[in-house]
Amino acid sequence: MGAAMRRIHLGNALSAFGLGFTVPYLYVYVAQVRGLGAMTAGLVLAVFAVAALVVLPFAGRAIVRRGPLPVLLAALVTSALGALSLGVASSAAAVLASASLLGAGQAVMQPALATMIVDCSSAETRSRAFATQFFLQNLGLGVGGLIGGHLVDTTSAASFTLLFAIEAAMFLLLVVVMATVRMPHAPRIEGAPVASGRGSWKQLLGNRAMVQLCVLGFVLFFACYGQFESGLSAYGVEAAGISTSALGTALAANTLVIVVAQFAVLRFVERRRRSRVIAAVGLIWAVAWAVAGYAGLGHGSQEMATAAFVSTYALFGLGEAMLSPTVAPLVADLAPEGMAGQYNSAFALVKQLALAVGPAVGGPLGASLHAPYIVAFLLFSLGISFLAVRLGRQLTEVQDRPWLAKSRVVARGGAPVSADV
């Protein structure tokens, strides 16, 4: 890795560490510590999603016009202000306004950092770069949540003020680190489309492969990430009788599999078609849902049900580790020259939509209609495999099998150079 990429990965780790400090405790902080009630706490979580949906359509164009680094720095400062104000807010209006700042800043960080990774990587190194990003994000979130949990005291608002101040400090430290990054021109691969407009949503919607990838991405995030802390956890508690401690163990198993298996999985997927890897993830997740069905509907012992439920989360983690070096690099390789920011923002918008709809649909279904819930999401997982195979027909050989790229073109009309250079 070059110096720029090392700083970008440090940025991913620091931002995830800061988020891990506060995100798991937002509900408790607003509802109990500030005494604003469950309704306001629920609205705060909704504000995060709404803020992301509002700013992401504009973030892509800003990245295209200004570059990812200035946009990232603005997002970090906005997030720091949001975190600081959230730590001292005592009224519902102040909490919601602070949450909107923090949510908007966090939402813009993702496509900005992803575009910087694209600009600092080649077709040959991009999968490994995004796998490293995903690994560091999960590690940062886990470590941040663990340390934050030992710092908070639900009887003391000051402990939460300290928590949010530390999060703000992480964002400001990241501003200092990222301000030193010197961005190179983005390398391009053969077969990448040529831009016909600057940051055009119309052009993006005209890219059939990108549209199909967005549909596939929505199903991926809806059927997996959108269920972790809503439908699947509700199903585990209500149908399988899983205790809260066992639920925590399941979430830990998910993170552990990602952290331990990420680079072993990377070696497996690097030389395989991206569309086939995504299709395989759909099959793995279908097995995960079947195992979850056994946990809640198999009428076995409680120990077997708990083991099956933990295994479900572990299988989801395996699929996530396979997706991290696959989907994000594919988004980058589908983007015309200079439009990686637009494409990354569009995909982040799809992700946010799925994460907003997933809990709203899965939560009530998982809590009350146990068998239909499992069957429906098992079918969604099989749908992922179908959509992935269909997407593969829209991809060029280089987009589906990036290791075949024998040359790459430096942005703004650079001459092809050997991939071995």
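Computation of the quantities below employed the complete heavy-atom set of this structure, encompassing side-chain atoms and omitting hydrogens, waters and symmetry-equivalent molecules.
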Less than 3.5 Å apart, which donor and acceptor atoms pair up between the side chains of residues 350-360 and the rest of the protein, not counting sequence neighbours?
none

Applying side chain to side chain donor-acceptor pair (under 3.5 Å), can you list everything that pairs with Asp400, at least two apart in sequence or on another chain?
Arg273, Ser275
Can you tell if the side chain of Arg274 reaches within under 4.5 Å of the side chain of Arg401, non-hydrogen atoms only?
no
What pairs with Arg128 under salt bridge (charged side-chain N to carboxylate O under 4.0 Å, His left out), at least two apart in sequence or on another chain?
Glu270
Please check if any side-chain donor atom of Ser324 sits under 3.5 Å from a side-chain acceptor atom of Gln133, or the reverse.
no
Derivation of the ring-ring contact (aromatic ring centres under 6.0 Å, His included) call for Tyr373 and Trp289:
CA-CA 10 Å; Tyr373 176 71; Trp289 284 109; 5.4 Å; yes
In Å and rounded to the nearest 0.5 Å, what is the CE to CG distance from Met210 to Leu330?
8.5 Å
Matching residue for Val71 among Leu76, Val64, Ile63 - test: side chain to side chain contact (heavy atoms under 4.5 Å, CB included)
Ile63
A side-chain contact here means heavy atoms from C-beta on lying under 4.5 Å apart; do Met109 and Phe171 qualify?
yes
Is there side-chain contact between Asn12 and Phe135, with heavy atoms separated by less than 4.5 Å?
no
Yes or no on ring-ring contact (aromatic ring centres under 6.0 Å, His included) for Phe164 and Phe160, after CA distance, side-chain angles and deciding distance?
CA-CA 6 Å; Phe164 284 105; Phe160 283 87; 7.2 Å; no
For Ser345, enumerate each residue passing the side chain to side chain donor-acceptor pair (under 3.5 Å) test, keeping only those at least two apart in sequence or located in another chain.
none
Side chains of Met5 and Thr132: does their closest heavy-atom pair fall under 4.5 Å?
no
Spatial distance of atom CG (Leu256) from atom OG1 (Thr249) [nearest 0.5 Å]
11.5 Å
Quick check: do Leu266 and Phe263 have side-chain heavy atoms less than 4.5 Å from each other?
yes
Output all residues satisfying ring-ring contact (aromatic ring centres under 6.0 Å, His included) with Phe380, sequence neighbours left out; order by chain, then residue number.
Phe222, Phe377
So, Gln399 and Asp333: side-chain donor and acceptor under 3.5 Å apart, yes or no?
no
Close side-chain approach of Val269 and Ser127, heavy atoms under 4.5 Å
no
With a sphere of 6.0 Å drawn around CZ of Arg272, does it hold more than 12 non-hydrogen atoms of other residues, nucleotides or ligands?
yes
Do Val215 and Leu391 come close enough that some side-chain heavy atom pair is under 4.5 Å?
no
Please tell me whether Asn138 and Glu320 have a donor and an acceptor in their side chains that are separated by less than 3.5 angstrom.
no
Just wondering, do Phe347 and Gln342 contact through their side chains at under 4.5 Å, heavy atoms?
no
Are Asn344 and Thr115 linked by a side-chain donor-acceptor pair shorter than 3.5 Å?
yes
Which atom pairs, donor and acceptor, lie under 3.5 Å between side-chain atoms of residues 383-390 and protein residues at least two apart or in another chain?
residue, atom, partner, partner atom, Å
Ser385, OG, Ala279, O, 2.7
Ser385, OG, Leu283, N, 3.3

